[in-house]
Amino acid sequence: MRTGSDLIFNGELILSGSVIDDSQVGWMWEEDVFFAPSLVRQALGQLSEGRVTVRINSVGGHANAGEQIRAMLAAHPGGCRIIVEGLAASAASLILMAGVERIMSAGSHIMIHDPLGVIIGNEDDARRHADHLSLEANTYAAVYAAASGKTVEEVRALMKAETWFGPETAVAEGFADRVEEPVTAIAIEVPREMTAARQHYMAGCAQLRERLAANNPQSRAARPASSPAAAGGQSTMEGNMPQDDTNPTPAANPATPTPTPAPAQMQASPDSIVAQERARVRAIREMSAPHVTSGRLMQADVDALIDEGVGANEAGTRLMATMAAQEPLGRSAPQGNGPRSSIQRDEGETRVTAMIGALMGETEGPATQFRGMRLRHLAMELAGSGRGYNDTDTIRRGMRATSMMGGAYGVSDFAYITTEVMNRSLQQAYQRRNASWQLVTGAPLTATDFRELHSVRFGGDFSLKPVKENGEYQSAVLADETEGLKVERRGRTINLTFEAVVNDDMGAFQRIPTEFAMAARTMENSMVWSLLRANAKLKSDGKALFHTDHGNLAGSNAAITAAAVAAARKAMWEQRAFGTADKDDFLQIEPDRLIVPPALELVALQFATLTTPATDGTTNPYKASLTPAVVPNLGAAAGGSDTAWYLISSDMPPIAHAYLEGYAAPTVQTIEGMNPDMVVMNARHIFGAAAVEHRGAYKNAGA
């Protein structure tokens, strides 16, 4: 996995290769040369806060990613000295505009042009896409204009003409400040049809058109010709990869001229466009989630609709059609006077569903015909008429066959089926595994991206005051506290090799999802319990979660006894809402959970077990009110304490947790490509946790 450190050489930031979006980083090959916003952000964090030298040589790529990197470099405290070493084309030329010094090497070039995009849809879709590209072009033109001193209209004319600048011309036109090595200015003509960048673009577009126009009637992912295109289409400032518009970054100087009034829907602010896109994605994921969990839908179906950009209504219609197609062949409406209908389904889809079911261990329904199927059998079955001279050759042919579903997703049918089985098995295993950390958390938050979420708690002085004789009421004082948390993406790559298939290693194939489910729960446990174990700080006041100022940390260490628990309960009963001046404004928090490390399991169970006391003076009144729980992550073996114990109120849990929207469980995704000797999948889990509330928890260091 590439990191920000890979972009640093001799204390300088090296931006070489294609500009890609963060979401594409995990799908790149080791030999690919690229950089992305997250990598640049990591690299900047490792460099000094003084002026940074950035060396760039790039054909461009993802337009929004380029703008995000430009904004980062422009905001660097010491500024950036950017040197073009070779080429700064398309989105890379946008990045160049961030430099407080913009320097051209003697043989370098800059190229600026209008954003490019590919659209499939009807006449109205094409018009909307054109309006969207116009809006983007005007936005980027404002950035070039601010850096060069030209007007936006002048820059737009240069962009429309796809203009190339040599070193001296770039300086003369204001796009650079100086040439690193003086050279004699010469006129350079670069025919549009022969430029490497344009050839790269045309090749990329041809590949994309082939995938988008795959109208194979046996593929549910093929798009009907009449279906609406993605909102705004897919646009890039270079044609080497599709554009992802889910997280656009507004450019500097957003005010742009509008010689021709744009349609009303294109006059929305960038924030509103982002909000609309997030609402669309959220609606599709929410409507499909129950059916994915039940197995009636494949996650790949949902992801395909999101990637296509279809609206929520159309997505619902198409998902319903997909589920209807999965009903058994020939199922008819009840006999009677009403209309009768019969559901027919594509044979290819039926076979795929049956194979997936068989590998999942199903023995009824469509899976019956493939009952007992193993990896080796699957590959040989998919080879079909393309069988080789021996079993090994047939397996290889089957692993790369694309006659049914996989081709629409850029993978083989074997990769499509095995990944779907892996995904379903992983989510089932994840749901079966216990999550002990839920003892100290409440309902999950939903993150729409990887930026910090804010958990806001409101309080203040709401006590009722005497009303004055003139009828005037005193105003309540409203206060709030904010805590933040971010979700974090973690994962590993799974390689299902040709050797494993030939050896028919079903044990490994079935064990991998279980192992990853366990790893996901372990990751969650580690993130949550480490917050209690390390006594994490709250962002709102900078103090530890358990602190004497918070009134939730025992002043003297004590073992678990009725007297010690009584003292803890007293402290929790007396917690007040923040911002209040009323001495009677108690929250009345009552703990119901006693959490201990393994070393205190016996003590905790004895404390909570109902017994008949010998005398009234030995009665333990808290036995029935506290449920003990043992957490190994809190003990000395995990770096914690074997004596500390905690009281928790489930009504006011101390920890908040969050999943990325649509990813409330770990997932597996096949990496695009048809390698006949290996299926490569990425398993990932996106989760975050933070300490947010001190009033519902109490700690005693124990004795």
Evaluate the side-chain proximity of L13 to V40: yes if any heavy-atom separation is below 4.5 Å, no if none is.
yes

Please report the C-alpha distance between Y646 and F546 in whole Å, then the side-chain angles of each, then the deciding distance to 0.1 Å, and finally whether the ring-ring contact (aromatic ring centres under 6.0 Å, His included) criterion is met.
CA-CA 10 Å; Y646 305 81; F546 299 104; 5.5 Å; yes

Within the side chain of D22, is there an N or O that forms a donor-acceptor pair under 3.5 Å with the backbone of S38?
yes

Side-chain (W573) to main-chain (F586) donor-acceptor, under 3.5 angstrom:
no

Going by the angle between their ring planes, with limits at 30° and 60°, are Y430 and H685 parallel, tilted or perpendicular?
perpendicular

When you check the side-chain N and O atoms of D592 and S649, is any donor under 3.5 Å from an acceptor?
no

What verdict does the side chain to side chain contact (heavy atoms under 4.5 Å, CB included) test give for D21 and N64, after you've listed the backbone C-alpha separation in whole Å, the side-chain angles of each residue and the deciding distance to 0.1 Å?
CA-CA 8 Å; D21 183 66; N64 287 341; 5.8 Å; no

Using every non-hydrogen atom in the two residues, find where R280 and L305 come nearest and quote the distance to one decimal.
NH1-O, 3.9 Å

So, applying side chain to side chain contact (heavy atoms under 4.5 Å, CB included) with V668, which one of N682, I512, N423 is it?
N423

Using the ring centroid of each side chain, check whether F687 and W437 are separated by less than 6.0 Å.
yes

Quick one: does K623's side chain have a donor or acceptor within less than 3.5 Å of a partner on T609's backbone?
yes

Hydrogens and angles aside, do S5 and Q46 bring a side-chain donor and acceptor to less than 3.5 Å of each other?
yes

Would you say the side-chain atoms of H550 and D541 include a donor-acceptor pair closer than 3.5 Å?
yes

For T522, which residues count as a side chain to side chain donor-acceptor pair (under 3.5 Å) partner, sequence neighbours excluded?
none

Going by heavy atoms in the side chains, are R533 and N633 under 4.5 Å from each other?
yes

Using the rule given for side chain to side chain contact (heavy atoms under 4.5 Å, CB included), can you reason through F35 versus D6, listing the C-alpha separation, both sets of side-chain angles and the distance that settles it, and then say yes or no?
CA-CA 9 Å; F35 56 96; D6 298 319; over 6 Å; no

Looking only at heavy atoms, which two atoms of H657 and A443 are closest? And how far apart?
CE1-C, 3.9 Å

All heavy atoms of D549 vs all of K543, minimum pair found to be OD2-NZ, 2.8 Å

L538 versus V692, closest heavy-atom pair with distance:
CD2-N, 3.9 Å

Decide yes or no on side chain to side chain contact (heavy atoms under 4.5 Å, CB included) for I655 and L532, but give the supporting numbers first.
CA-CA 9 Å; I655 308 297; L532 265 70; 3.6 Å; yes

Chi angles and distances behind the side chain to side chain contact (heavy atoms under 4.5 Å, CB included) call for W645, L594:
CA-CA 7 Å; W645 50 274; L594 171 61; 3.9 Å; yes

Would you say N552 and Q575 make side-chain contact, with heavy atoms under 4.5 Å?
yes

Crowded around R51 CZ? As in, over 12 foreign heavy atoms under 6.0 Å?
yes

L73 and A98: which non-hydrogen atoms are nearest, and at how many Å?
CB-CB, 3.7 Å

Closest approach of A697 and M572, non-hydrogen atoms and distance?
N-CE, 3.9 Å

Quick check against the 3.5 Å criterion: does N700 have a side-chain atom that pairs as donor or acceptor with the backbone of L553?
no

Under 4.0 Å between a Lys/Arg side-chain N and an Asp/Glu carboxylate O for R490 and E488?
yes

Show every side-chain hydrogen bond (donor to acceptor under 3.5 Å, both in side chains) that has at least one partner inside residues 554-567, sequence neighbours left out.
none

